[in-house]
Amino acid sequence: MTTIERQFAQTVAEHKSTIYTVCYMFSKDADEVSDLFQEVLVNLWKGFEGFEHRSDIKTWIYRVALNTCISLDRKKRRSSTVRLTMDINLFEDRDDDTRQIDLLHKRISKLQPFDRAIVLLWLENLSYEEIGQIVGITAKNVSVRLFRIREQLKQMSND
């Protein structure tokens, strides 16, 4: 294994939960999350040697993961394929907490991809400045967008 391959493997090992979290925000289907995860890894590998460390590695990983998931989400929404499922989940949990999490996930998944990305980063407890760096907007704009997103989510609860 080359030095660059070792560095990449170590970086992925350190940040795999971040990558997985982003992928999970764009799909709850385990197979699709796995596919998204693989696509993110491919894109990270393609850009790894060119990463210039002008920002924190975690910021770069978030940006690559979000851009990958948003791009694939747009392609998926444009296509008209239908996934075949058994409509059964043997591991499904039905307690109140799980229902609340499912409801929140369903509402968030109705948001536009860019807004979904902002919510994800906010739920990861990143500062407005960090979120802004990742998505390419100002911290003030992050604050405004989060306010509007909260309003959207409240409206969904009235539907």
Side-chain angles (χ1 to χ4, degrees), residues 7-79 83 93 95-159:
Q7 289 173 339
F8 182 75
Q10 180 180 351
T11 300
V12 169
E14 290 171 4
H15 298 282
K16 68 182 175 187
S17 65
T18 297
I19 300 166
Y20 180 78
T21 301
V22 172
C23 295
Y24 182 77
M25 185 58 76
F26 283 85
S27 178
K28 204 168 177 183
D29 177 72
D31 292 335
E32 196 170 24
V33 169
S34 180
D35 291 345
L36 288 170
F37 191 88
Q38 291 300 315
E39 283 295 321
V40 170
L41 290 182
V42 167
N43 288 335
L44 286 171
W45 175 250
K46 286 178 182 176
F48 192 70
E49 279 189 281
F51 177 64
E52 297 175 355
H53 298 281
R54 286 191 223 155
S55 64
D56 183 60
I57 188 79
K58 190 171 184 175
T59 301
W60 178 73
I61 289 170
Y62 265 123
R63 187 169 237 159
V64 170
L66 286 167
N67 287 338
T68 301
C69 291
I70 288 170
S71 294
L72 292 173
D73 185 65
R74 285 180 183 149
K75 287 178 186 175
K76 179 177 78 174
R77 288 176 191 252
R78 278 188 229 133
S79 74
R83 271 177 107 53
D93 194 357
D95 65 8
D96 286 339
D97 288 341
T98 303
R99 280 193 282 270
Q100 289 293 324
I101 291 168
D102 285 344
L103 181 61
L104 181 60
H105 187 273
K106 285 176 186 170
R107 288 180 184 164
I108 291 171
S109 69
K110 292 178 184 177
L111 296 171
Q112 293 298 316
F114 189 76
D115 290 342
R116 241 186 293 164
I118 291 172
V119 169
L120 164 71
L121 297 170
W122 180 75
L123 289 172
E124 289 287 309
N125 293 320
L126 295 178
S127 70
Y128 288 4
E129 290 79 21
E130 291 171 308
I131 295 170
Q133 286 177 349
I134 292 167
V135 299
I137 60 177
T138 65
K140 179 66 176 165
N141 201 328
V142 170
S143 172
V144 170
R145 288 189 82 105
L146 278 170
F147 176 80
R148 290 179 183 160
I149 291 166
R150 284 187 204 107
E151 292 302 312
Q152 270 186 281
L153 292 172
K154 285 178 192 174
Q155 287 296 325
M156 287 179 202
S157 69
N158 295 333
D159 293 346

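Atom set for the values below is all heavy atoms of this structure, side chains included, hydrogens, waters and symmetry mates excluded.
- Rounding to the nearest 0.5 Å gives a distance of 8.5 Å between CD1 of I61 and CD of E14.
- The CD atom of Q38 sits 12.0 Å away from the OG1 atom of T68 when rounded to the nearest 0.5 Å.
- L72 has its side chain out of reach of D35: every pair of non-hydrogen atoms, C-beta onward, lies at least 4.5 Å apart.
- One finds the CD atom of E32 at 11.5 Å from the CD atom of E39 (value rounded to the nearest 0.5 Å).
- For the atom pair N67 CG and N43 CG, the distance stands at 9.0 Å (nearest 0.5 Å).
- R63 and V135 get closest at one heavy-atom pair: NH2-C, 3.7 Å.
- Between T11 and W60 the shortest side-chain heavy-atom distance does not fall below 4.5 Å.
- Residue pairs satisfying the side chain to side chain donor-acceptor pair (under 3.5 Å) criterion with at least one member in residues 133-147, sequence neighbours excluded, are listed as follows: D115-R145.
- With respect to E151 and K154, a salt bridge is recorded, a charged nitrogen being found less than 4.0 Å from a carboxylate O.
- Contact check for I70 versus F26: side-chain heavy atoms found under the 4.5 Å cut-off.
- In plain terms, the two heavy atoms of S27 and L36 that are nearest each other are CB-CD1, 4.2 Å.
- At a cut-off of 3.5 Å, with distance as the only test, a side-chain donor of E124 or Y62 sits close to an acceptor on the other residue.
- With contacts defined as side-chain heavy-atom distances shorter than 4.5 Å, the pair I19/L44 qualifies.
- Looking at heavy atoms from C-beta onward, L123 lies out of side-chain contact with T21 at the 4.5 angstrom threshold.
- Between F51 and H53, the angle of the ring planes goes over 60°, which puts this pair in the perpendicular group of the 30/60° scheme.
- In this structure the side chain of D73 reaches within 4.5 angstrom of the side chain of R116, judged on heavy atoms.
- Taking the side chain as every heavy atom from C-beta outward, V40 and V22 never approach each other to under 4.5 Å.
- Summarising the geometry, atom OG belonging to S17 is positioned 11.0 Å from atom OH belonging to Y20; distances are rounded to the nearest 0.5 Å.
- At least one side-chain heavy atom of M25 sits under 4.5 Å from a side-chain heavy atom of I108.
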Next item on the list: Show your working on side chain to side chain contact (heavy atoms under 4.5 Å, CB included) between W122 and I149 and close with a plain yes or no.
Entry: CA-CA 11 Å; W122 180 75; I149 291 166; over 6 Å; no
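- Ring geometry for F8 versus F48: interplanar angle over 60°, hence perpendicular rather than tilted (30 to 60°).
- Rounding to the nearest 0.5 Å gives a distance of 11.0 Å between OG1 of T59 and CD1 of I131.
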